[in-house]
Structures are given as C-alpha cells and as structure tokens.
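Heads up: the structure comes next, in structure tokens.
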Amino acid sequence: MTASINDVAQAVGVSASTVSRALRGRQGVSDEVRDRIAAVAAQLGYTASRSASSLASGRTYTIGVLVPYVGRWFFGTVLDAAEKVFSAAGYDVLLYNLGSPETRKRFFTRLPVRKRVDAVLSLLIPDDEESAALRSLGVPLATTVGGTRPGFTVVGIDDRAGTESAVRHLVNLGHRRIGMISGSSGPLHWTTPIERRNAYLDVLADAGIEHDAALEADGDYTVDGGERAMTELLAASRPPTAVFAQSDEMAMGALRALRRHRLKVPDDVSVVGFDDHELADVVGLTTVAQPVAEQGAEAARLLLRQLDEPDTEPAGHVRMPIRLVLRETTAPPRPRGPH
C-alpha cells in the first residue's frame with residue numbers, strides 16, 4: 001500500500017503538519033528534522049497526492065527554471081540544489097535551456113510557462129522587457145544572478161567584495177604585474193564579469209598600479225578558454241607575475257597553460273580563482289569561495305515560502321557569505337618574474 005503522510009509522521013515521531021511543512025520548505029522545522037523527514041519519506045515511498053492538492057489549491061505543482069547553460073558547473077550546481085528542494089516539497093521542474101539568442105527570444109515572445117508553473121527560478125538576467133514579461137505571469141520570481149530587481153527575490157553574493165579580496169591578496173604579496181582572465185563573452189546581460197572587472201581595476205588604482213590592457217584576456221568561463229587566455233597573457237611583452245581568473249574553471253585552464261609552458265606555480269606565476277569549485281582543493285587553488293549550491297537551495301526555499309505564505313513580503317535581496325581561501329597557487333613574486 002502507498003505510504004501516507006501519517007505513516008511518515010509516525011516513523012519520525014512528529015505531527016503530520018510538521019511533515020507537510022518540512023517537505024514544502026516552510027519555516028518552523030529545524031534542518032535536522034527536515035532531513036530526517038525527507039529521508040523517511042523517500043524510504044517509505046511517500047509522495048503528496050498531486051491531483052488532490054492541485055484541485056484544492058489551483059496549483060500545477062511545477063516550477064519553471066530558466067538557464068543559459070545547463071552543462072556549465074555553476075548553473076548545473078545551482079539547478080541540482082534547487083531541484084532537490086522542489087522535489088522534496090512535491091514539485092516538478094520544467095527546465096528551459098535558453099543559451100542562444102534565438103531560443104531566448106522565442107521563449108520570451110511565446111512565454112510557454114504561462115499557466116503551466118507556480119513560480120519561476122531564473123538563472124539568467126532578464127532585461128527590462130523580459131522582466132516585465134515574467135512579472136506578467138503573476139507568479140513568484142527568484143534568481144541567483146545579478147543585483148536587485150523589481151518583482152524578484154535575489155539570492156547572490158557581493159562580486160565586488162570577492163574580487164577585491166582576491167586582487168588585494170596578490171597586491172599584498174608584492175605583485176605589480178597582475179593580469180585578469182575574464183568572462184566577457186558570458187551569458188547575455190550577465191553583470192558578473194563587469195562587476196568583477198570594475199573591482200579589479202579599482203584595487204589596481206588604489207594600489208597605484210597602472211592598468212595595462214595587455215594583461216586582460218577573455219576566458220569564456222571555461223577551462224579551455226582559461227588556457228587560451230593564459231597563453232595570450234604569457235605572450236605579452238611584459239607578462240604578469242600573478243593572475244586573477246574570474247572563475248575557478250578558467251583558473252584551472254590557466255594552470256594547465258602554465259604547466260605546458262614549463263612555468264611553476266606559484267614560483268613563476270601566482271593564480272587566484274573565484275567559486276571554490278569542487279576540484280579547487282584538489283589542485284591547491286587559492287580562490288574566493290562562494291556557496292553555489294546553497295544559493296540554489298535558498299532561492300528554491302524562498303519561492304516555496306512565497307507560494308505557501310502569499311501575504312508575506314518577498315525576501316528581496318539575500319546576500320550569501322564569501323571568503324578568500326588560501327592554498328598553494330599564490331606566493332610573493334620572484335625578483336625576475338616569469339621568463
């Protein structure tokens with residue numbers, strides 16, 4: 001026989017209402033109890049009655065998720081964490097991969113999510129017209145990228161502060177030739193590369209270091225792109241003694257390029273990344289750690305809270321903590337720098 005909510009409640013030793021709140025991401029349940037309930041529900045095979053709930057509430061029990069790149073680590077990690085929260089609360093995910101301008105334009109022209117979803121999690125940054133289109137759906141909206149936006153709950157980090165900590169670390173080590181591998185060809189309307197570049201320039205200016213355009217290269221937020229960008233920087237007439245990469249994947253590509261050029265890290269070139277990718281510790285990468293999965297989970301929880309408590313004011317802008325993690329890829333520059 002199919003397990004009921006009372007079966008789950010009895011097995012955990014809590015009330016049925018506590019089980020309901022926990023599986024729907026509502027407040028008033030500790031993380032420990034929520035995890036126990038989710039585990040027992042999965043073990044017993046309990047799922048909420050979708051048809052009964054839909055008839056009673058008028059919901060579809062489906063969340064629309066918009067992404068620019070499904071296959072990239074950041075977006076995949078956010079999506080995976082959010083989906084787990086939605087699934088535990090009895091919601092399905094309707095995924096739209098809008099990586100090309102054509103598919104993006106078609107989506108916002110047709111808005112196929114209308115009347116098909118209860119809320120939308122956008123992992124791309126909509127322009128004013130696209131934002132208005134999403135608001136016209138009349139459902140809760142959330143994102144994990146970009147800054148404050150009317151009608152959206154934003155869960156993110158302070159890109160400027162993170163970049164400043166990384167570049168200042170290199171300055172404090174004594175580096176004066178500090179390059180940057182950026183992601184200027186990232187998703188449409190993505191502000192992250194701009195924010196991080198501005199912070200990079202501000203730190204150089206504060207340190208009295210003249211900006212050299214030859215020390216910037218586009219790495220496309222990929223490992224291969226980071227390798228190409230690092231190779232380009234090494235070809236400069238005066239190559240950098242240190243490099244800040246706007247993502248760990250580009251930093252890993254930079255490490256590969258340096259290894260192929262038989263340069264030692266950090267003896268010849270120091271490298272700092274951004275993200276604390278799951279492989280960052282493996283390669284000993286100094287980086288700015290941001291809670292990527294936690295951003296996706298928190299955005300999902302806030303969307304569910306808006307659905308369950310529609311009269312509650314949306315959270316607005318939630319800023320997650322970041323920190324500089326020092327590992328083995330940074331050190332003071334050698335007197336003669338890289339060859």
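Position 1 is the first residue of the sequence, and the numbers go up from there.
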> Any side-chain heavy atom of Gln290 within less than 4.5 Å of one from Gln295?
Replying inline: yes
> Can you tell me how far the CD1 atom of Ile322 sits from the OG1 atom of Thr163, to the nearest 0.5 Å?
Replying inline: 8.0 Å
> Between Glu216 and Ser182, does any side-chain donor sit less than 3.5 Å from a side-chain acceptor?
Replying inline: no
>> Quick one: does any side-chain atom of Thr329 pair with a main-chain N or O of Ser270 as donor and acceptor, under 3.5 Å?
In response: no
>> I need the Leu215 CG to Glu210 CD distance, nearest 0.5 Å.
In response: 10.5 Å
> Do any N or O atoms from the side chain of Asp248 and from the backbone of Phe274 form a donor-acceptor pair under 3.5 angstrom?
Replying inline: yes
>> Under a 4.0 Å threshold between the charged nitrogen and the carboxylate oxygen, would Arg334 count as salt-bridged to Asp267?
In response: no
> Does Leu66 share a hydrophobic cluster with Leu137, counting links as ILVMFWY side-chain heavy atoms below 4.5 Å and allowing steps through other members?
Replying inline: yes
>> Do Leu141 and Val113 sit in one hydrophobic cluster, given that two such residues count as connected whenever their side-chain heavy atoms are within less than 4.5 Å of each other, even indirectly?
In response: yes
> Would His169 and Thr286 count as having a side-chain donor-acceptor pair, cut-off 3.5 Å?
Replying inline: no
>> Do Arg104 and Phe107 form a cation-pi contact, if we require the NZ or CZ to be under 6.0 Å from the six-membered ring centre and within 45 degrees of the ring's axis?
In response: no
>> Hydrogens and angles aside, do Asp7 and Ser4 bring a side-chain donor and acceptor to less than 3.5 Å of each other?
In response: yes
> Is Asp212 salt-bridged to Arg177, going by a charged N under 4.0 Å from an acidic O?
Replying inline: yes
>> Within this structure, what is the CE-CG distance for the pair Met320 and Asp158, rounded to the nearest 0.5 Å?
In response: 14.0 Å
>> Taking Val29's backbone N and O only, do any of them form a donor-acceptor pair with Arg34's side chain (distance below 3.5 Å, no angle check)?
In response: yes
> Ion pair present between Asp80 and Lys84, side-chain N to carboxylate O less than 4.0 angstrom?
Replying inline: yes
> Salt-bridged, Arg305 to Glu309, with N to O below 4.0 Å?
Replying inline: no
> Is a donor on one side and an acceptor on the other found under 3.5 Å between the side chain of Thr18 and the backbone of Val14?
Replying inline: no
> Taking atom OH of Tyr69 and atom OG1 of Thr222, what is their separation to the nearest 0.5 Å?
Replying inline: 10.0 Å
> Do the side chain of Tyr200 and the main chain of Glu195 share a donor and acceptor less than 3.5 angstrom apart?
Replying inline: no
> Would Val325 end up clustered with Phe244 when hydrophobic side chains under 4.5 Å apart are linked, directly or stepwise?
Replying inline: no
>> Measuring from atom OG of Ser247 to atom CZ of Arg72, what distance do you get when rounded to the nearest 0.5 angstrom?
In response: 9.0 Å
>> Taking Arg327 first and then Asp276, would you say they form a salt bridge - that is, a charged N and a carboxylate O separated by under 4.0 Å?
In response: yes
> Going by atom types only, do Glu249 and Tyr221 share a side-chain donor-acceptor pair under 3.5 Å?
Replying inline: no
> Is there a donor-acceptor pair closer than 3.5 Å between any side-chain N or O of Asp118 and the backbone N or O of Thr60?
Replying inline: yes
>> Using a 3.5 Å distance criterion without hydrogens, assess whether the side chain of Arg256 forms a donor-acceptor pair with backbone atoms of Glu227.
In response: no
> So, Arg135 side chain and Pro150 main chain: donor-acceptor pair closer than 3.5 Å or not?
Replying inline: yes
>> Same cluster or not: Val67 versus Val155, using hydrophobic residues (I, L, V, M, F, W, Y) connected whenever any side-chain heavy atoms lie under 4.5 Å apart?
In response: no
> To the nearest 0.5 Å, what is the distance between CE (Met180) and CG (Leu170)?
Replying inline: 12.5 Å
> Can Glu164 and Arg160 be counted as an ion pair, charged N to O under 4.0 angstrom?
Replying inline: yes
> Going hydrophobic residue to hydrophobic residue with side-chain gaps under 4.5 angstrom, can you get from Val139 over to Leu124?
Replying inline: yes
>> Taking ring pair (Phe, Tyr, Trp, His ring centres under 6.0 Å) as the definition, give me every residue that meets it alongside His277, ordered by chain and number, with sequence neighbours left out.
In response: Trp73
